[in-house]
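In the text below, chain A, chain B and the rest are named by the order of the sequence lines, each starting its count at 1.
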Protein chains: 2
Amino acid sequence: MKHFSELSAMAEKLVDVAEGLIEQHGYKGFSFDDLAREVGIKKPSVHHHFPTKAELATVVAQRYSHRFHTQLIAIEGKGANPKARLLAYANLFEQTYEKNRRLCVCGMLGAEINDLSVETTIEVRKFFELNLDWLTAIFSDALTKHALRLSASPEAHARAYLAALEGAMIVGRGMTLNKQPILIAQILLDSWSVA
Amino acid sequence: MKHFSELSAMAEKLVDVAEGLIEQHGYKGFSFDDLAREVGIKKPSVHHHFPTKAELATVVAQRYSHRFHTQLIAIEGKGANPKARLLAYANLFEQTYEKNRRLCVCGMLGAEINDLSVETTIEVRKFFELNLDWLTAIFSDALTKHALRLSASPEAHARAYLAALEGAMIVGRGMTLNKQPILIAQILLDSWSVA
DNA sequence: GTCTATATAAAGATAGAC
DNA sequence: GTCTATCTTTATATAGAC
């Protein structure tokens, strides 16, 4: 299996387009022919870069997780307080959702999990674990600093926050609403704020 | 367009099976042939009951909303306190999720909204509106009775709670976790509880 | 209402030439 | 790396007989 860090220029272009199509239509919602047309080659040429659709999806999820991780580290680096970091986190989702209500790649793939290859499902799981680990660390920090009023464990708050953001995009899309991730994040952060 | 209340026995059977397949695989994840085999007729006979797949999906969403509404009214009837009613609400999602991590029909369709007929998207929107209206009423009641400590409007809490439950199923499915809706509901309700 | 037969289109994928 | 040609399967849908 190819790794996302060793992709040719065309392979990377294909991963770019596939990522966008998954955000808009899901794994089952795009074809190699769609990809081919968008990058300007023919369908069999796509197979040269990615033998199967499952492999392509796996690489998309891998690279998406990696990029997300990089952005999480960037938020860390700013040294802001826990609440500000959690809001910056929500903004990562907002940035995707802003583009015509696109979903998180792994949120979409999570919904489609019953129809993905095992390799892809492993990447999806890793994405969520990565996010929960990072969020748990932030909530732990908030607990130590008494920066938020937490009624349950940092792990529990991490789960609730992630679920609310993923769900905000699903429901928001279903109702054609804008600004959903940020709105929901603000409601939760307010309710966890110290008086 | 046929209404779900005037379906023949076979049409109803088809809607039953279609509902289950949407919960597991989504709109794009099942075919008329899948349906036909499950109910024991041939593919063209399915078209006799539902000319198009889009029409079938619309009826599935309509009936799903109607049933959900009935269950909401049943929760009302028990006269419990707001927190207990919100927990009973979360249990409606849990009951679906318990069945091998099935998603809410309209959560799944919400994710697929870009590839649905307008008629179906209208039903999906109605489902969410119905839920938000009901939840808003409960949170309003909680506010009046000081049964919960709310940092934002009842509408805002309704949105956050619904998003968290829908997202809990998506993330939980992506990580192969059980009991997600109820767990997330408890975290939020605890954090909104009066000290 | 259900069937067989069929039309039509699209999908994932491979073979082999350039 | 990309192409044309092709295979195979599946999907939505229709025509028309029983």
Query - B:Ile41 CD1 - C:dT2 P separation (whole Å) - result: 5 Å
**Report entry** nucleotides 12-18 of chain C: protein proximity per nucleotide (B base, S sugar-phosphate only, - neither; heavy atom, under 4.0 Å)
**Finding:** BBB----
Query raised in the report: Does B:Glu23 come within less than 4.0 Å of B:Lys99, counting only side-chain N to carboxylate O?
Result: no
Requested in this report: Return the value, rounded to whole Å, for the distance between atom CD of B:Glu55 and atom C1' of D:dT12.
Outcome: 14 Å
Report summary line: The salt bridge (charged side-chain N to carboxylate O under 4.0 Å, His left out) partners of B:Asp133 (sequence neighbours excluded) come to none
Query raised in the report: Hey, is the side chain of B:His48 poking within less than 4.0 Å of OP1 or OP2 on C:dT2, counting only N and O atoms?
Result: no
Query raised in the report: Whole Å only: how far is the CG atom of B:Leu21 from the P atom of D:dA11?
Result: 12 Å
Report task. Starting from P on D:dA11, measure out to CG on B:Asp115 and report it in whole angstrom. Result -> 17 Å
Report task. Check whether NZ of the Lys or CZ of the Arg B:Lys53 lies under 6.0 Å from the centre of the six-membered ring of B:Phe30 and within 45 degrees of that ring's axis. Result -> yes
Query raised in the report: Rounded to the Å, how far apart are A:Glu12 CD and D:dG1 P?
Result: 13 Å
Report task. Measure from CG on B:Asp34 to C1' on D:dT9 and round the result to the nearest Å. Result -> 13 Å
Query raised in the report: Thinking salt bridges, do B:Lys126 and B:Glu129 make one under a 4.0 Å N-O criterion?
Result: no
Query raised in the report: Are B:Lys28 and A:Asp115 within salt-bridge range, i.e. N to O under 4.0 Å?
Result: no
Query raised in the report: According to the interplanar angle, ranging from 0 to 90°, do the rings of A:Phe139 and A:Trp192 count as parallel (below 30°), tilted (30 to 60°) or perpendicular (above 60°)?
Result: perpendicular
Report task. Report yes if a side-chain nitrogen or oxygen of B:Ser45 is closer than 4.0 Å to either non-bridging phosphate oxygen (OP1 or OP2) of C:dG1; otherwise report no. Result -> no
Query raised in the report: For B:Met10 and C:dC3, what is the distance between atoms CE and C1' respectively, to the nearest whole Å?
Result: 13 Å
Query raised in the report: Could you give the NZ-to-P distance, from B:Lys28 to C:dA10, as a whole number of Å?
Result: 17 Å
